[in-house]
Amino acid sequence: MEILTGILSTAFLAGGVLSLAALGEVISERVGVVNLGLEGLVALGAVTAIAVTMSVPNPYIGFAAALGIGLIFGIVFALATVIVRADQILCGLAFTMIGTGIAATVGRPFSGIPGAVTFEPVVVPYLSDIPIIGPAFFSQNILVYFIFLVLPFGVHFLLFKTRHGLNMRAVGENPAAADAAGIPVAAIRFVYVSIGSMFAAGAGAYLTLAFVPSWSDGIVAGRGWIAVALVIFARYSPWRAVLAGLLFGLITAVGFVGQALNWPISAPILGMLPYLGTISLIIVPAFIWRNKRYRSAAPEALGQAYYRSVR
Amino acid sequence: MNWRLQRLPSANPTAALLASVAACAAALLLAAGIAAIAGFNPLALLGQVLSLVLGTRFGLEDFGLLLTPLILTGLSVIIMRRMGLWNIGAEGQFYAGAVGAAAIGLFIDGPPAVMLVVMFFGGAFSGALWIAIPALARAYAGVNELITTLLLNFVALLLVYYLGTGPWRDRGAGTLGSTPRIPYEMREFWGIVHWGLPIAVAMTFLVAGLLTFTRWGYEVRISGANPENAQYAGIPVRRRILSVMFAAGAISGIAGMLEIAGTVHRLQGGISNNFGYLGIIVAVLAGSSCLGVLATAGLFAFILSAGIVLQTQGLTTSAVVALTGLILLFNAIGQEFARYRVLRAKGGDT
């Protein structure tokens with residue numbers, strides 16, 4: 001029982017990083033822009049949060065600073081991909097390198113030092129008394145509630161229950177038709193690509209302020225890329241993206257438990273689980289529904305720049 | 001003056017080349033500006049880098065040593081680009097090739113000349129094996145190869161770490177996280193530069209020839225440009241995808257083997273200086289031209305050596321990663337600009 005609670009608790013904590021980053025990617029890809037810079041943005045957010053909280057020991061300020069950095073880099077990414085309309089894959093790879101490079105350079109003085117502050121757990125009265133789920137979910141830090149309850153609901157509502165969300169999806173599916181209907185394609189893409197990047201940086205801040213309270217080079221360890229893959233697995237749905245993040249938290253948690261219980265599998269082999277798991281999660285469904293319209297879940301104009309007139 | 005911009009479906013080669021050069025210059029200028037703000041003297045740093053990298057025998061040898069893996073990983077990315085595919089996993093295939101070569105070198109005895117050939121093919125085979133799952137998934141289920149190849153990089157790193165600290169670790173005098181020295185070594189032909197460099201150059205010409213002059217290369221290009229048409233014309237697109245991806249994996253694997261047999265001589269974490277990731281930029285800047293790789297690999301070998309020199313100045317290698325990202329970003333923007341041309345209306349009334 002205690003092990004189960006422990007696994008679930010770690011799963012929520014570890015999954016939060018992936019869920020938040022994946023949500024950002026869902027927003028960005030729904031308006032038609034694939035952001036492969038997630039890995040770099042997560043790293044930037046992580047290092048910003050640690051660096052800021054070293055001088056201002058307040059996790060909220062650290063988190064806000066990371067969001068700000070994410071927004072700034074997101075705006076640059078949106079300028080390159082939406083305004084200039086440069087190749088989205090190249091820009092994404094470039095942002096991964098820029099982000100990881102800057103984060104490692106800036107973060108060197110803080111490397112390995114325990115973070116000054118973390119988000120403290122907020123125990124929800126009554127709900128935390130529920131067996132297993134109570135201690136596992138309702139005694140987490142405030143960001144966990146936000147990521148698993150508020151944000152997916154909000155993003156889902158925005159995308160599927162509002163007029164504006166319909167416009168967003170139209171921009172991602174068929175920008176020419178959206179343009180003809182008077183929807184400002186570039187503006188919508190610009191705004192939501194920037195916001196998506198902000199989410200990714202927030203995921204990084206979550207990593208260093210709530211999950212692993214310290215920075216070291218390589219701490220992001222491909223989480224940004226896993227988040228990109230989860231969006232494909234989640235077929236661009238905010239709820240499924242968050243749940244997929246949780247599933248990955250679960251895999252990570254099983255690895256931790258394995259280490260703690262001295263399973264006869266060495267740590268590096270257990271460490272491969274999240275990557276191998278991600279790969280099988282995007283390959284296996286593609287094979288099962290090979291002949292059905294599995295891939296049509298992707299927004300039709302994903303990855304394509306929109307030109308009003310190609311003459 | 002009436003003028004408007006026209007976007008061309010593909011960039012003019014001269015404009016594309018100019019855009020690449022301008023992008024590199026802009027990225028380096030921006031980096032120099034940042035260095036100046038951080039309190040370095042960019043001109044003094046540049047002078048130091050130039051004199052140490054290009055002005056000393058030691059620097060030139062280092063440069064030659066870095067060239068080999070960069071040419072090969074760049075080639076590995078390019079061969080897949082010809083088919084419109086992205087190989088972001090050259091890093092992992094590089095490590096896989098190193099693991100395969102190390103396994104042969106550590107556990108099989110034989111005459112050195114034969115063993116080196118066996119290691120070469122072992123490295124190529126391991127690299128190809130490493131890309132097998134993404135390749136099959138791409139060919140038979142249309143799974144995007146970008147993410148699957150990339151995620152396997154992390155697995156390969158963990159595998160090398162596991163072998164170096166676990167079953168294959170050096171039980172002798174204290175090297176941590178590394179296998180024993182592999183007894184079979186590539187000969188050097190100039191200082192510390194081994195025969196891997198001529199092999200890499202020869203492979204570049206070989207791949208360029210295969211892609212340009214053979215039926216296979218033609219079918220690969222057609223399948224990349226328009227898979228439906230290629231299928232309709234009777235080209236076995238799936239088999240071409242598999243062959244291209246296995247070849248890419250094998251080339252990266254060979255890069256890993258040469259690094260093991262020629263430079264490092266032990267399997268350990270960090271033997272790849274981000275060569276796999278740099279291969280992407282090498283390929284992109286070369287405009288997917290095989291022979292162009294020789295030039296762009298040279299550029300990045302220089303940047304990497306500069307990074308080593310600058311470490312003595314307190315700059316980290318991570319700064320080099322950020323700089324390469326900046327070059328890639330500016331290049332992506334430049335390539336878009338290179339597609340436009342200005343049209344002047346000739347005495348017209350529009």
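Just so it is clear, the values below take in all heavy atoms, side chains as well, and ignore hydrogens, waters and symmetry mates. Each chain gets a letter, A, B and so on, in the order the sequences are listed, and its residues count up from 1.
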For the student: nearest non-hydrogen atoms of [X] and [Y], plus distance:
| X | Y | answer |
| --- | --- | --- |
| A:Pro268 | B:Tyr161 | CG-CD2, 3.6 Å |
| A:Thr105 | B:Ala319 | OG1-N, 3.4 Å |
| B:Ala332 | A:Cys91 | CB-SG, 4.0 Å |
| B:Ala137 | A:Ile283 | CB-CD1, 3.6 Å |
| B:Ile333 | A:Ala80 | CD1-CB, 4.0 Å |

Under 4.5 Å between any side-chain heavy atoms of [X] and [Y], yes or no?
| X | Y | value |
| --- | --- | --- |
| A:Leu90 | B:Trp86 | yes |
| B:Ser318 | A:Thr100 | no |
| A:Met272 | B:Leu159 | yes |
| B:Tyr162 | A:Ile269 | yes |
| A:Ile232 | B:Val143 | no |
| A:Met97 | B:Ile281 | yes |

Note to self: For A:Tyr275 and B:Thr148: C-alpha separation, side-chain torsions, deciding distance, then whether side chain to side chain contact (heavy atoms under 4.5 Å, CB included) applies.
What the structure shows: CA-CA 9 Å; A:Tyr275 309 109; B:Thr148 47; over 6 Å; no
Is chain B contacted by the side chain of [X], its backbone, both, or neither, given a heavy-atom distance below 4.5 Å?
| X | result |
| --- | --- |
| A:Phe95 | side chain |
| A:Leu36 | side chain |
| A:Ala305 | neither |

Does any backbone or side-chain atom of [X] lie under 4.5 Å from a heavy atom of chain A? Answer side chain, backbone, both or neither.
| X | value |
| --- | --- |
| B:Ile147 | side chain |
| B:Leu150 | side chain |
| B:Val284 | side chain |
| B:Tyr277 | both |
| B:Leu136 | backbone |

Check: Who among B:Leu146, B:Ile280, B:Thr324 has the most heavy-atom pairs with chain A under 4.5 Å?
Finding: B:Leu146
Notebook entry, point to check: About how many Å separate CZ of A:Arg85 and CZ of B:Arg7, when rounded to the nearest 0.5 Å?
Noted result: 7.5 Å
